[in-house]
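A quick write-up on the structure given underneath.
Just so it is clear, the model here is predicted, and its values are computed rather than measured.
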Amino acid sequence: MTGFFKNLFLYSVGHTYSNLSRLFLRLFTGIMFLQLCIRQMLNFDAIVPTFQGFLGMSPEASMTVLVTIELLCAVCIMLGLLTRLAVLFPMVLMLIAEHIFMATPATDPNPLFLFQPGYPVMFIGIFVYMLLAGPGKISLDYIIAAHFTESANDEEVLDNA
């Protein structure tokens, strides 16, 4: 019995599944963000009257920009493509969403982001982790970086020959 626990703890200390964990977190977060985006698209007409435009754009154009950012960033996060850049825009959106929730009374329903207060903070935490940890080896970022690294090594070998 002691051997079981010893192997269990020693194995788990020496072997981590960080790349698989990052893939899972990317897929989970991307799907959550994507379903949020889809719900906003489905309720677009109900959301636009309560939404104020930004940067001099109309509410419709502003909401379209937000939904597009959410859609593109969610797909990039799931694929692991430009991951660190792709989490910056949603992080800003979630900071704004949390600010909106803090400014409105808890009893006042806010259909803008279609989720409860606290969710933006959860997304911000996940996005900060992704920004710091990166996408992992199971991502397009890693494949592209490996290709460029391999190409650079090949050129270096040719230059030295």
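Hydrophobic clustering places V67 together with L42 (ILVMFWY residues linked when any side-chain heavy atoms are closer than 4.5 Å, directly or through intermediates). The hydrophobic clustering, which links ILVMFWY residues whose side-chain heavy atoms are closer than 4.5 Å, places V121 and L88 apart.
Nearest heavy atoms, C76 versus A86: CB-CB, 3.7 Å. When all heavy atoms of A74 and L34 are compared, the closest pair comes out as CB-N, 3.9 Å. The two residues Y142 and G136 have their closest heavy-atom pair at CB-O, 3.5 Å. Summarising the geometry of L131 relative to R84, their closest heavy-atom pair is O-NE, 2.8 Å, with the distance given to 0.1 Å.
A donor-acceptor pair under 3.5 Å is formed between the side chain of N19 and the backbone N or O of K137. A donor-acceptor contact shorter than 3.5 Å links the side chain of D141 to the backbone of L82. Side-chain N or O atoms of R26 include none that pairs as donor or acceptor with a backbone N or O of T83 at under 3.5 Å.
Separation of atoms CD1 (I77) and CG (L72) is listed at 11.0 Å; rounding is to 0.5 Å. Note that the CE atom of M57 and the OG1 atom of T64 stand 9.0 Å from one another [nearest 0.5 Å]. Here I138 contributes atom CD1 and L23 contributes atom CG; the two are 5.0 Å apart, rounded to the nearest 0.5 Å. Interatomic distance, CG of L27 versus CG of L79, reported as 9.0 Å (0.5 Å rounding). C73 contributes atom SG, which lies 7.5 Å from atom CG of L93 (distance to the nearest 0.5 angstrom). To the nearest 0.5 Å, atoms CE (M78) and CZ (F28) are separated by 13.0 Å.
Results of the side-chain contact (heavy atoms from CB on, under 4.5 Å) test with T29 over F127, F24, Y129 single out F127 as the only residue that passes.
Side-chain contact between M63 and Q40 is present, with at least one heavy-atom pair separated by less than 4.5 Å. Residues M32 and F123 have side chains in contact (heavy-atom distance under 4.5 Å, counting atoms from C-beta outward).
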Report the C-alpha separation of I144 and L81 in whole Å, then their side-chain angles, then the decisive distance to 0.1 Å, and conclude whether the side chain to side chain contact (heavy atoms under 4.5 Å, CB included) test is met. CA-CA 9 Å; I144 292 168; L81 178 64; 3.9 Å; yes

